[in-house]
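Presented below is the structure to which this report refers.
Note that ligands are numbered from 1 as they come in the structure, with each ligand's atoms numbered from 1 the same way. Predicted, not measured: the structure shown is a model, and the values here were computed from it. Computed over heavy atoms, backbone and side chain alike; hydrogens, waters and symmetry mates excluded.
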Amino acid sequence: MKAQIIDGKAIAAALKDEVRARVAQAQEQYGRKPCLAVIIVGENPASQVYVRNKVKAAAYVGMDSRLITMAADVPEEVLLAKIAQLNAEKAVDGILVQLPLPRHIDEDKVIDAIAKEKDVDGFHILNVGSLWTGKSCSVPCTPRGVIHLIKTTGVQISGKIAVVVGRSNIVGKPVAKLLLDENATVIMAHSRTADLKAIVGLADILVVATGKPGTVTGDMVKPGAVVIDVGINRRDDGSLCGDVDFESAAEVAGYITPVPGGVGPMTIAKLMENTLECFIERNERR
Ligand code: GUN
C-alpha cells in the first residue's frame, strides 16, 4: 500500500480533548455548561447509533445533553412544538434533529424551525445563505471535519484541483464551498456526470459522498491524491465500507481515510465544537 492512512479516530480524539478544555474554561466564564438537545424520530438503527455517539461525546467534553425520542408516526406539529419549546429554553444552546425524518414530515420545515443561533448542524436556510455569502455562521459538521482532515496531511489546498463527488445539502454542497474558501479549484461531480473517471482523475484532493459503495476505484484516482471517503455503507455481511474501494485506492493515493475510523468520528467532534461555539456566541450576545 502506498497511501498514508488519515487516522480520523485519533484526530477526532485530539479535537474532542481540545473542546473539552475549552468547555471547562467557558463553563467557568459563563457559570453553566453548554447543553445540546438531540431529537430522534423513529427507529432507524444507523440513526440510533449516531445519536447515541453524539450524546456520549457531549458527556465526554463536559456538556449537558438531552435526548428526545419520538415515535416514527409522531405528527409534524408535535415535533415542531418541541423545537419551539427548545428554542425558547435559555439553558439549551444547540438543537439537532437527526436526519432522515419519516416521509410524512417536511424536513425543510423542521430544519428551518430551529432557531438559527441553536442550529448546530448548520442546515438552517439562513446559515446556508450565510455560508455561501461568506458571513459568519454555523458550518455543517461533516464538511468541517473533512477540511480538518485534509489540513492534517499538510498538503496545501490553495490552487489545487478538488473534486467533490456527490451534491447533497449535508455534505457535497457545503464541502465544495469550504474548499472554495480554501482557494481550491472545485469541480462537483454527481450521478449524471458523463465521464466520472476523467473528472476524478483530475483531483489533487478528492472528496466522495455519494452513499454508494464502489463509486471510486483505484484506477480512477490520481497518483498521490488526498482521498476523503465520507460514505458509511453496510455490506450484506454487516461490515462497514465507504464509497471508495479502499484496497485499490490506497495503492494509488497519497493519503486516504479509512471507513470506519475516518470522517465519521470527525463529524461528532465538530458537532461538539459547533455546540461550544453556539454556547459562547449566545452568552456573548446577552
Ligand atoms: N444524518 C446524517 N448526517 C447527519 C448530520 O450531520 N446531522 C443530522 N442532524 N442528521 C444527519
Query - Residue that, paired with Pro143, satisfies side chain to side chain contact (heavy atoms under 4.5 Å, CB included) out of Val175, Leu131, Val164 - result: Val175
Query - Per-atom contacts, ligand 1 versus Leu96 - under 4.0 Å to a heavy atom - result: 9 (N)
**Report entry** Closest heavy-atom pair and its distance - Cys241, Arg235
**Finding:** CB-NH2, 3.3 Å
Query raised in the report: Between Tyr50 and ligand 1, which part of the residue brings a heavy atom under 4.0 Å of the ligand: side chain, backbone, both or neither?
Result: neither
Query raised in the report: Does any N/O atom on Val97 come nearer than 3.5 Å to any N/O atom on ligand 1?
Result: yes
Report task. Looking only at protein heavy atoms, identify the closest one to atom 8 (C) of ligand 1 and say how far it is in Å. Result -> Asp121 OD2, 3.4 Å
**Report entry** Which atom of Thr217 lies closest to which atom of Gly214, heavy atoms considered
**Finding:** CG2-O, 4.2 Å
**Report entry** Identity and separation of the nearest protein heavy atom to atom 11 (C) of ligand 1
**Finding:** Gln98 NE2, 3.4 Å
Query raised in the report: Relative to ligand 1, is Leu99 under 4.0 angstrom through side chain, backbone, both or neither, heavy atoms considered?
Result: both
Report summary line: Tightest non-hydrogen contact, residues Ser138 and Asp119, listed as OG-O, 3.0 Å
**Report entry** Lys/Arg N to Asp/Glu carboxylate O, Lys160 vs Glu182, below 4.0 Å
**Finding:** no
